[in-house]
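Read through the structure below, which is laid out as structure tokens, and then see the notes.
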Amino acid sequence: MEPSAASLLAPLAPWFDAVRRPLPWRAGDLDAPHPDPYAVLVSELMLQQTQVATVIPYFERWMARFPDAQALAGASEEAVHALWAGLGYYRRARNLQAAARAVAEGGFPRDLAGLQALPGLGPYTAAAVAAQAFQLPAPALDGNAFRVTARLLGLREDPRRLAAELRAWLIPALEAHGPSRMTQALMELGATVCVPAARCGACPLAEACEARRLGLQAVIPPAQPKAKVTEVDLVLAAIRHGDAWLLRPPAARGLLAGLWSWPAAPIAAGDGPSPTPPMGWEATLLPGWTQVYTHRRERVRPLLVRAPELAAPQGFAWVPAERLGTLPMGRRDQRLRGLLEGPVGLLPPDGETWKALLGLLGLG
DNA sequence: AACTCGTGGAA
DNA sequence: TTTCCAAGAGT
């Protein structure tokens with residue numbers, strides 16, 4: 001990392017000032033502290049592993065409902081999850097509220113260590129808030145910044161292992177060209193030009209780029225190892241009795257923690273004995289779909305049934321139909337909820353089928 | 001230090 | 001269709 005970052009990255013500042021988009025959380029004056037650090041905090045939590053275009057509508061709704069840290073601190077967890085529902089990685093929502101409570105209580109930390117002590121803020125997010133909200137020269141290394149710097153310097157190994165060295169190298173560039181401007185410029189370049197399939201013709205750093213000089217854009221940085229994905233077939237059941245639906249209240253941890261869900265049961269796991277669907281119940285199945293998570297693929301078979309009288313089993317609750325639309329749900333369960341708004345018939349199963357279904361879903 | 005944790009855009 | 005991976009953090 002011999003060339004200085006301040007000189008190597010100098011073309012990035014005028015480039016960013018010319019091309020930057022007016023994102024709703026982005027300050028107009030990149031040389032001043034941000035007028036609303038809370039807005040920066042919200043945007044950065046939402047942007048973790050999530051693209052800008054996906055975040056924008058969630059950010060707008062969030063700021064309208066929770067305009068400051070005090071408003072978020074006083075909200076119910078269900079209200080918080082209702083506004084986050086569909087965005088994914090729901091722990092972020094609980095972390096953001098916990099961070100807002102700390103800020104409402106003791107004010108915003110004004111240093112990197114204090115920011116990183118807030119729940120949900122790791123090395124990247126703490127630096128991103130420090131630079132964009134407070135103009136502190138803290139390099140924020142996200143996937144974009146790692147890719148840009150690795151290519152620019154021609155680093156052949158995984159740049160994430162060089163995080164400490166890259167941060168030290170970048171500090172003078174933030175000091176020279178403005179922490180907020182340089183932080184956003186690095187990420188914007190990685191998101192729009194120095195993308196995995198590099199568009200070097202549009203890059204303001206092309207002349208200085210070592211990866212381009214060597215023709216190694218395609219192999220720098222090296223690909224991340226892919227996660228193992230387990231495949232599951234499951235029944236997702238909308239069970240109605242009178243004017244209420246049988247639902248599973250939010251769990252404290254695990255997949256979709258904090259969200260409501262429909263009763264579900266695996267029907268054809270990859271190995272071991274799989275439960276046999278009861279005779280006759282296929283008549284109430286709707287067309288299925290595949291739900292994809294990071295480490296899991298579900299082939300979802302939605303099922304609609306009208307239930308006889310039934311006390312809510314352990315771990316389930318009957319929810320009045322008029323409350324159904326307000327419950328925070330993940331995409332899979334939102335999708336089944338959406339199917340219920342159409343003209344669907346609820347077929348009352350015969351006694352044997354119902355009994356088998358209860359067993360299958362663990363409701364017996 | 002691996003694993004877990006959602007969803008969707010884009011090639 | 002499949003594949004990659006996105007303004008990562010917590011455990």
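Chain A is the first sequence line, chain B the second, and so forth, proteins listed ahead of strands; every chain is numbered from 1.
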Do the side-chain N or O atoms of [X] get closer than 4.0 angstrom to the phosphate oxygens (OP1, OP2) of [N]?
X       : N      : answer
Q51(A)  : dA6(C) : no
K226(A) : dC4(C) : yes
Q291(A) : dT7(B) : yes
T183(A) : dA7(C) : no

Quick one: which of [options] gets closest to the side chain of [X]?
X       : options                : value
N144(A) : dG8(C), dA7(C), dT7(B) : dA7(C)
M187(A) : dA7(C), dT7(B), dG8(C) : dA7(C)
A223(A) : dC5(C), dA9(C), dA7(C) : dC5(C)
E188(A) : dG8(C), dA7(C), dG6(B) : dA7(C)

Tell me whether the side-chain N or O atoms of [X] pair up with the base of [N] as donor and acceptor below 3.5 Å, since no angle test is needed here.
X       : N      : result
T294(A) : dG6(B) : yes
Y293(A) : dG6(B) : no
T50(A)  : dG6(B) : yes

Checklist line | Criterion side chain to side chain contact (heavy atoms under 4.5 Å, CB included) on L118(A) and L115(A), from CA distance to verdict | finding: CA-CA 5 Å; L118(A) 293 174; L115(A) 288 166; 4.2 Å; yes

Checklist line | Check ion pair R212(A)-E210(A) (N to O, under 4.0 angstrom) | finding: no

Notebook entry, point to check: Got a salt bridge between R21(A) and E188(A), using NZ or NE/NH1/NH2 to carboxylate O under 4.0 Å?
Noted result: yes

Checklist line | Residue from H177(A), Q184(A), M182(A) passing side chain to side chain contact (heavy atoms under 4.5 Å, CB included) with F16(A) | finding: Q184(A)

